[in-house]
Amino acid sequence: DATIVAACTAHGIEAILTRTDHLSGSDRLAEAVDLLDLADDEVVVNVQGDEPLIEAAVIDSVAQKLLDFGSNPSSVQVSTCCVAIDSIADYTNPNVVKVVADGQGLAINFSRAPTPFFRDGWDASTASFKALPSPAPLRHIGIYGYRAGFLRQFPKFAPAPNELAESLEQLRVMWHGHRIALVQAEKAPHAGVDTPEDLARIRQWFAAHHVSAT
């Protein structure tokens, strides 16, 4: 949006304007890497605009995780972040996306459903969970690192059936045979901005910490 470009320009931040017809953030990034003429092995981190309080250390760790795998096209081409879930409310909330990792720290599933399903914590009499599994389930944090070459391929991938059902574009990556490396953060990030009330809360945080909200 041109207003975002104008805001970036006012603060001395380089910005580029992409088309309005992209189906996902990853599709938009694919255009951006071409506009910037990035080499295929460059690492790109997608930080959502509605996460103004995400910590720089999280951004750096997602980029570093991808660098750790090297630039070989056959290696892991995508990285993301997660944090332990500490409440049953978050575990069962479909707006809190869960991720399951394998022994190498690579994602094997993302879902809005409680996953892994804690069979022994399920109370059939109340149709609810009475406890969380141990180790704790993981909440996905929506920040991604990519190799630029992979981003150029992504728009060519057909949407995956489970992606459409869950409305989670990262499932398209896995459906087409690619792996996603996980970084586990020590603490959950500040809540993002999804409503006018969220925006008011963030502006209050900015004011309390003497940060300009313009």
Side-chain angles (χ1 to χ4, degrees), residues 11 13 24-26 29 43-69 76-118 120-121 128-146 166-171 173-174 179-213:
H11 290 275
I13 300 168
S24 72
S26 299
L29 284 177
V43 171
V44 176
V45 179
N46 180 10
V47 182
Q48 304 287 351
D50 59 4
E51 298 283 353
L53 298 184
I54 195 163
E55 296 183 2
V58 172
I59 300 171
D60 290 343
S61 66
V62 169
Q64 186 59 52
K65 174 61 73 170
L66 205 51
L67 291 170
D68 290 345
F69 280 91
V76 174
Q77 300 288 298
V78 183
S79 59
T80 190
C81 191
C82 60
V83 67
I85 292 174
D86 60 7
S87 74
I88 292 175
D90 281 350
Y91 180 53
T92 57
N93 184 347
N95 293 316
V96 175
V97 177
K98 275 68 68 175
V99 58
V100 179
D102 67 11
Q104 284 71 51
L106 301 177
I108 56 176
N109 189 36
F110 293 85
S111 181
R112 297 183 182 278
T115 189
F117 187 93
F118 187 25
D120 293 341
S128 63
F129 290 96
K130 58 187 178 183
L132 289 172
S134 180
L138 299 173
R139 169 190 169 189
H140 179 228
I141 299 172
I143 177 174
Y144 297 94
Y146 302 92
E166 297 255 18
S167 190
L168 298 173
E169 67 177 274
Q170 63 268 38
L171 291 170
V173 174
M174 300 171 65
R179 304 302 303 274
I180 300 176
L182 298 172
V183 175
Q184 186 165 343
E186 294 183 3
K187 62 180 181 179
H190 293 277
V193 179
D194 299 305
T195 67
E197 292 76 18
D198 291 337
L199 181 58
R201 173 180 47 77
I202 292 294
R203 284 175 168 160
Q204 290 173 356
W205 188 97
F206 281 167
H209 291 78
H210 308 291
V211 178
S212 171

Check your understanding: Can you find a heavy atom in the side chain of V97 that is under 4.5 Å from one in the side chain of Q170?
Key ->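 Yes. Closest side-chain heavy atoms under 4.5 Å.
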
Point to revise | Within-4.5 Å side-chain heavy-atom neighbours: V173 and F110 | key: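 Heavy-atom side-chain distance check fails, nothing below 4.5 Å.
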
Working to the nearest 0.5 angstrom, can you tell me the gap between [X] [atom1] and [Y] [atom2]?
X	Y	atom1	atom2	result
N109	D102	CG	CG	12.0 Å
S134	D120	OG	CG	12.0 Å
C81	L138	SG	CG	10.0 Å
S87	L132	OG	CG	7.0 Å
I180	I108	CD1	CD1	12.0 Å

Check your understanding: Just checking, is any N or O donor in the side chain of Y144 or S26 under 3.5 Å from an acceptor N or O on the other one?
Key ->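 Side chains of Y144 and S26: no pair found under 3.5 Å.
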
Side-chain donor-acceptor contacts of residues 49-56 below 3.5 Å, not counting sequence neighbours, with atom names and distances?
{"residue": "E55", "atom": "OE2", "partner": "K187", "partner atom": "NZ", "Å": "3.4"}

Check your understanding: Does the pair F118 and F129 meet the rule for a ring pair (Phe, Tyr, Trp, His ring centres under 6.0 Å), with working shown?
Key -> CA-CA 8 Å; F118 187 25; F129 290 96; 7.4 Å; no

Smallest separation among heavy atoms of [X] and [Y], with atom names:
X	Y	answer
I88	K130	CD1-C, 3.7 Å
S111	E166	OG-OE2, 2.8 Å
D90	I85	CB-CG2, 3.9 Å
G145	V62	N-CG1, 3.4 Å
R112	S167	NH2-O, 3.2 Å
A107	M174	O-CE, 3.4 Å

Do the side chain of [X] and the main chain of [Y] share a donor and acceptor less than 3.5 angstrom apart?
X	Y	answer
S79	A181	no
T80	L182	no
K98	Y91	yes

Review point. Can you check salt bridge (Lys or Arg N to Asp or Glu O under 4.0 Å) on D198 and R201, steps first, answer last?
Key: CA-CA 5 Å; D198 291 337; R201 173 180 47 77; 3.4 Å; yes

**Study point:** Residue list, side chain to side chain contact (heavy atoms under 4.5 Å, CB included) with V83, at least two apart or on another chain
**Key:**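 Side chain to side chain contact (heavy atoms under 4.5 Å, CB included) list for V83, sorted by chain: R139, I141, A188.
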
